[in-house]
> 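The structure follows.
Quick note: numbers below take in every heavy atom, side chains included, and nothing from hydrogens, waters or symmetry partners. Every chain is numbered from 1 and lettered A, B, ... according to where its sequence line falls, protein lines coming before strand lines.
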Number of protein chains: 2
Amino acid sequence: MSSSIQPKRIRKDPAARRAEIVDAAAAVALTEGLECVTLRRIGEELAVRPGLISHYFPSAEDLVAEAFGSAATAELDHLLPAGRPEGTPRGDLARFLARTSGEAYDAISRLWLNARHLSRYRPVLRDRVARQEAAWRERLETLVRDGVRAGEFRTADPLAAAVQILVVLDGLGVHANTATPERPAAVLRMAVTTAERELGLPPGALDRTTD
Amino acid sequence: MSSSIQPKRIRKDPAARRAEIVDAAAAVALTEGLECVTLRRIGEELAVRPGLISHYFPSAEDLVAEAFGSAATAELDHLLPAGRPEGTPRGDLARFLARTSGEAYDAISRLWLNARHLSRYRPVLRDRVARQEAAWRERLETLVRDGVRAGEFRTADPLAAAVQILVVLDGLGVHANTATPERPAAVLRMAVTTAERELGLPPGALDRTTD
DNA sequence: GATGCTATTGAGTGTGCGACCAATAAGCAA
DNA sequence: TTGCTTATTGGTCGCACACTCAATAGCATC
């Protein structure tokens, strides 16, 4: 008959099951929003009873925070790989700015917007957001310092430069949920312009060459 | 006994009642968030049955959108009064920037954040947000144009200048719900710096003198 | 003072949520 | 094979929400 029934229980290794839950939650958070990360929704995603999710996350709020943290961390690692940089600081920064522009980044902008708002009501999530902000800030600041050390960038305050770039990105990303009218070219280039200005680079120095 | 009972019905003029509802909803939206604008919550606020709110707003989503629109419009009128400006464009802009900095503006930042996120799920609200964005943009652009005409500002693209200022304000306001660590002075001054740069003003020209 | 309109109430429906808990069965160890 | 641990199920409870609708009562009009 109906091939969807599954009378057989599948018992998994707790660590693996937990990881599976977090992955599913992160995916739902990214595509549907953090308020859709519910016990029922994630249980359905994994073809498992909601109670099981409760078993691993006695408080649903913890799962929501974990989903955000997981998704944001993965994205940061994609945008600005940690450890030894792959290319020159200038190239890495250009790639970072290229990736944080365009519609492909909208999903991430939406997630941040979502998390920052939901932080208002969810203390656990608020902590995670603060930690993620710090991680992004530090990763970008490190890149700036590397660039200064390599003689590619010039700034008296790497932290201030990094934060200013992030503020502009936040400001640009805020419209991810609303149909934005055509924006002036100067606005679309704000992130690049800000980075070039704060890092003492000539205009166009951070335009993406390849990617 | 209990003085809270009120067996007596109060029948009000529909227009007045509707305005009363919108005002209450706007106040709740501002202080507690748009998701707290529910039939029950607003009814409780006005000491009225939830069904009455339904009577005036058959769809709750309309009330939420109206609450946001009302609050945002009132705030815009406070920040940048329409009609004939009160002082010089430079003075008006300096006052605007002063008012959009500091913690007093956090409630508004929270509201915008709230509305922009909730727009993801509520089409009616999304439309209102788009209209409010346009209103803020146009009001600021007008101020810039006035300043250019008066010879106080210098820019080739008033719209681009206005939007850039708003993007920076959005970026700065995004942290209203999270405890932000001490930010570099250069970051705190970003809005003023951006305005001065885009409008061809010397540094410090937009620092608030009085308020 | 009687009448009619409608603002307002009261009660009920259905949905989705987190949390809780006892019963079940998978898989490992003895 | 037997037994134990615990991952997993199935069901329930209480809460908050939007929405519906018939009954009620304020108030203006006649």
> Can you figure out which of D:dT8, C:dG18, C:dT9 approaches the side chain of B:Val48 most closely?
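Minimum distance to the B:Val48 side chain belongs to C:dT9.
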
> Using a 4.0 Å heavy-atom cut-off, does A:Phe57 contact any base of the nucleic acid, only the sugar-phosphate backbone, or nothing at all?
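Touches nothing.
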
> When you measure from the side chain of A:Leu39, which nucleotide among C:dG18, C:dA26, D:dT8 comes out closest?
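Looking only at heavy atoms from C-beta outward on A:Leu39, the closest nucleotide is C:dG18.
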
> Side chain of B:Tyr56 only, please: which of C:dG18, D:dT8, C:dT8 is the nearest?
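Among the listed nucleotides, the one closest to the side chain of B:Tyr56 is C:dT8.
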
> Please tell me if B:Lys12 has a side-chain N or O lying less than 4.0 Å from either OP1 or OP2 of D:dG26.
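For B:Lys12, the contact criterion (side-chain N or O under 4.0 Å from OP1 or OP2 of D:dG26) is not met.
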
> Rounded to whole Å, how long is the line connecting atom CG of A:Leu52 with atom P of C:dC20?
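These atoms are roughly 16 Å apart.
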
> Within this structure, what is the CG-to-P distance between B:Asp13 and C:dT6, rounded to whole angstrom?
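Rounded to whole Å, this separation is 13 Å.
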
> Between C:dC17 atom C1' and A:Tyr121 atom OH, what is the distance in whole Å?
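Result: 17 Å.
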
> Which heavy atom in A:Thr100 sits nearest to a heavy atom in A:Leu169, and how many Å separate them?
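Smallest heavy-atom distance, with atoms named: OG1-CD2, 3.7 Å.
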
> Where the side chain of A:Arg11 is concerned, which of D:dA18, D:dT6, C:dT8 is the nearest nucleotide?
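Looking only at heavy atoms from C-beta outward on A:Arg11, the closest nucleotide is D:dT6.
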
> Is B:Arg41 salt-bridged to B:Glu45, going by a charged N under 4.0 Å from an acidic O?
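A salt bridge links B:Arg41 with B:Glu45.
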
> Starting at atom CZ of B:Arg41, determine the distance to atom P of D:dC15, rounded to an integer number of angstrom.
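For the pair B:Arg41 CZ and D:dC15 P, the rounded distance is 19 Å.
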
> Between D:dT24 atom P and B:Ile10 atom CD1, what is the distance in whole Å?
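Checked: the CD1 to P distance equals 21 Å.
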
> Could you tell me whether A:Pro50 contacts a base, only the sugar-phosphate backbone, or nothing, with contacts defined as non-hydrogen atoms closer than 4.0 Å?
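The residue A:Pro50 makes no contact with any strand.
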
> For A:Glu35 and D:dC17, what is the distance between atoms CD and P respectively, to the nearest whole Å?
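Interatomic distance, CD of A:Glu35 to P of D:dC17: 16 Å.
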
> If we only count heavy atoms from C-beta on, is the A:Glu75 to A:Trp136 side-chain gap below 4.5 Å?
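Of all side-chain heavy-atom pairs linking A:Trp136 with A:Glu75, at least one is under 4.5 Å.
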
> In this structure, how many angstroms lie between the P atom of D:dA23 and the NE2 atom of B:His55, rounded?
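To the nearest whole Å, that distance equals 18 Å.
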
> If every non-hydrogen atom of A:Gln164 is compared with every non-hydrogen atom of B:Met190, which pair is closest and at what distance?
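Smallest heavy-atom distance, with atoms named: CG-SD, 3.5 Å.
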
> Checking contacts here: which listed nucleotide (C:dT8, C:dG18, D:dT20) is nearest the side-chain heavy atoms of B:Ser54?
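Given the options C:dT8, C:dG18, D:dT20, the side chain of B:Ser54 is closest to D:dT20.
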
> Just to be sure I understand the rule, does A:Arg17 reach a base, reach only the sugar-phosphate, or reach nothing, if contact means heavy atoms closer than 4.0 Å?
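Sugar-phosphate: the residue A:Arg17, judged by heavy atoms under 4.0 Å, touches backbone atoms but no base.
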
> Hey, which sits more toward the 5' end of DNA chain D by its nearest nucleotide, A:Pro14 or B:Gly51?
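The answer here is A:Pro14.
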
> Is a donor-acceptor pair below 3.5 Å formed from side chain A:Arg9 to base D:dT8, judging by atom type as modelled?
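Side chain to base: pair found, below 3.5 Å.
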
> For A:Leu46 and D:dA7, what is the distance between atoms CG and P respectively, to the nearest whole Å?
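From A:Leu46 CG to D:dA7 P: 16 Å.
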
> Heavy atoms from C-beta onward define the side chain here; which of C:dG10, C:dA19, D:dT9 lies closest to that of A:Ser59?
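It is C:dA19.
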
> Looking at A:Arg128 and A:Asp62, does any basic side-chain N land under 4.0 Å from a carboxylate oxygen?
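A:Asp62 and A:Arg128: not salt-bridged.
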
